[in-house]
Protein chains: 2
Amino acid sequence: MANLSDIIEDFIKKMFDEMPEGILEIQRNEMANRFQCAPSQINYVLTTRFTLERGYFVESRRGGGGYIRIKKLKIREDEFLKDIFEAIGESISGSEAKAIIERLWEEEIITEREMKILCAVINKYNLPLRPADRDVVRAYIMKAVITALLDHEARKGGK
Amino acid sequence: MANLSDIIEDFIKKMFDEMPEGILEIQRNEMANRFQCAPSQINYVLTTRFTLERGYFVESRRGGGGYIRIKKLKIREDEFLKDIFEAIGESISGSEAKAIIERLWEEEIITEREMKILCAVINKYNLPLRPADRDVVRAYIMKAVITALLDHEARKGGK
DNA sequence: ATAGATGAAGGTCAGAGAAAGTCAAAGATA
DNA sequence: TATCTTTGACTTTCTCTGACCTTCATCTAT
């Protein structure tokens, strides 16, 4: 974990542990100062790691007394799976797919074991195809997984 | 013997002696530099020597702070794994794969839900490729699944 | 009171830099 | 000859920064 962005990401996520409300406020400059980086790197971390797809909502205010507020979103399982299905599209990269799988685990929709299995399946080294084909196949696989999860849930819920 | 790829292979394998967790991170350029070879030769070594069949799992990340992570699987001498790998081979049809997955469920190695997810993943409608490629990709997927599964259990139980 | 000035936030974006990945072709070797 | 190794030119992905822009609260002079 050599890069700063990962460290800042972890730091922010740890802050959430002390915020049972799931709402956090930070100051951009204070953050940049703490990590000795350019203020814009904080935006970079936010836009790459605290996105809607990853379950966060960010808002902010400029000027004196400004802030950046990060909210951890609460989900409804069925809607959530449908949204993910829509978001996958025709083609998906390994890192995007991994983020989705990790999110499914964080939301306790899949077990740790299922997460590991799925990460292995979508891994580049385990899909011996040309990059473009690989991303397409990966999208199909992900959608198949989501569909199976939805189906499994429906059968369980509806008797 | 004594070609560079073999030497790099040995070197990496020795590095595992100091990693009791069986997880190693290397830098591609640093490696290439150490052995005075083209960086892409490191990929060659990884894809020919550190395969699932040989008991390794590889993942990586690009960009600043990038890395290549090699996991030495905990279950390399497992007879059961060897049998299944042999059954899968280089290429496997949908129905053969399905039979193996159902067998795993009957043996209570995987849950019902995992069975459903996996059957969806290996289904031909979810692998949009020419039949020959599809069977090869399916074989990789099956091996990745079995490997991830057994490794997860081995790490959980054995340590 | 109020327009304008000031300073204190945060936002944007393009570009440089840092890795790793791909693939075809050339070179060895058995 | 067939397979395995090695290379290098090109690509893609991810990180980090700095210059410049926008927004907001408050202070100041009228």
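Applying the salt bridge (charged side-chain N to carboxylate O under 4.0 Å, His left out) rule to pairs touching residues 39-51 of chain A yields D6(A)-R49(A), E9(A)-R49(A), sequence neighbours excluded. Within the structure, the salt bridge (charged side-chain N to carboxylate O under 4.0 Å, His left out) test picks out the following pairs touching residues 116-132 of chain A (sequence neighbours left out): E112(A)-K116(A). Contacts classified as ring pair (Phe, Tyr, Trp, His ring centres under 6.0 Å) and involving residues 2-45 of chain B (residues at least two apart or in different chains) are given here: F11(B)-F35(B), F16(B)-Y56(B).
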- If the sugar-phosphate is the primed atoms plus P, OP1 and OP2 and the base is the rest, what is the B/S/- string for nucleotides 17-25 of chain D, using protein heavy atoms under 4.0 Å? BB---BBBS
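Among the atoms of the strands shown, none is found under 4.0 Å from any heavy atom of F35(B).
Taking a cutoff of 4.0 Å between a charged side-chain nitrogen and a carboxylate oxygen, R113(A) and E153(B) qualify as a salt bridge. Using a 4.0 Å cut-off between a side-chain N of Lys or Arg and a carboxylate O of Asp or Glu, E30(B) and R34(B) qualify as a salt bridge. A salt bridge does not link D17(B) to K14(B): none of the charged side-chain nitrogens sits closer than 4.0 Å to a carboxylate oxygen.
Taking atom CD on Q27(B) and atom P on dT13(D), their separation rounds to 20 Å, with Å as the unit. We find that CD of E25(B) is positioned 13 Å from C1' of dA19(C), with the value rounded to whole Å. Atom CG in N43(B) sits about 16 Å away from atom P in dT12(D), given to the nearest Å.
Taking only side-chain atoms of K124(A), from C-beta outward, the nucleotide of dG10(C), dT22(C), dT5(D) with the closest atom is dT22(C). Comparing dT15(D), dG11(C), dA9(C) by their closest approach to the side chain of S5(A) singles out dT15(D).
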Show which side-chain atoms of residues 89-96 of chain B pair as donor or acceptor with protein atoms under 3.5 Å away, not counting sequence neighbours.
| from | atom 1 | to | atom 2 | distance (Å) |
| --- | --- | --- | --- | --- |
| S93(B) | OG | S95(B) | OG | 3.4 |
| S93(B) | OG | E96(B) | N | 3.2 |
| S93(B) | OG | E96(B) | OE1 | 3.1 |
| E96(B) | OE1 | S93(B) | N | 3.1 |

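Clustering ILVMFWY residues whenever any of their side-chain heavy atoms sit less than 4.5 angstrom apart, transitively, puts F85(A) in the very cluster that holds I117(B).
Here N29(A) does not reach the OP1 or OP2 of dA9(C): none of its side-chain N or O atoms lies under 4.0 Å away.
Scanning residues 127-135 of chain B for heavy-atom distances under 4.0 Å to DNA chain C yields an empty list.
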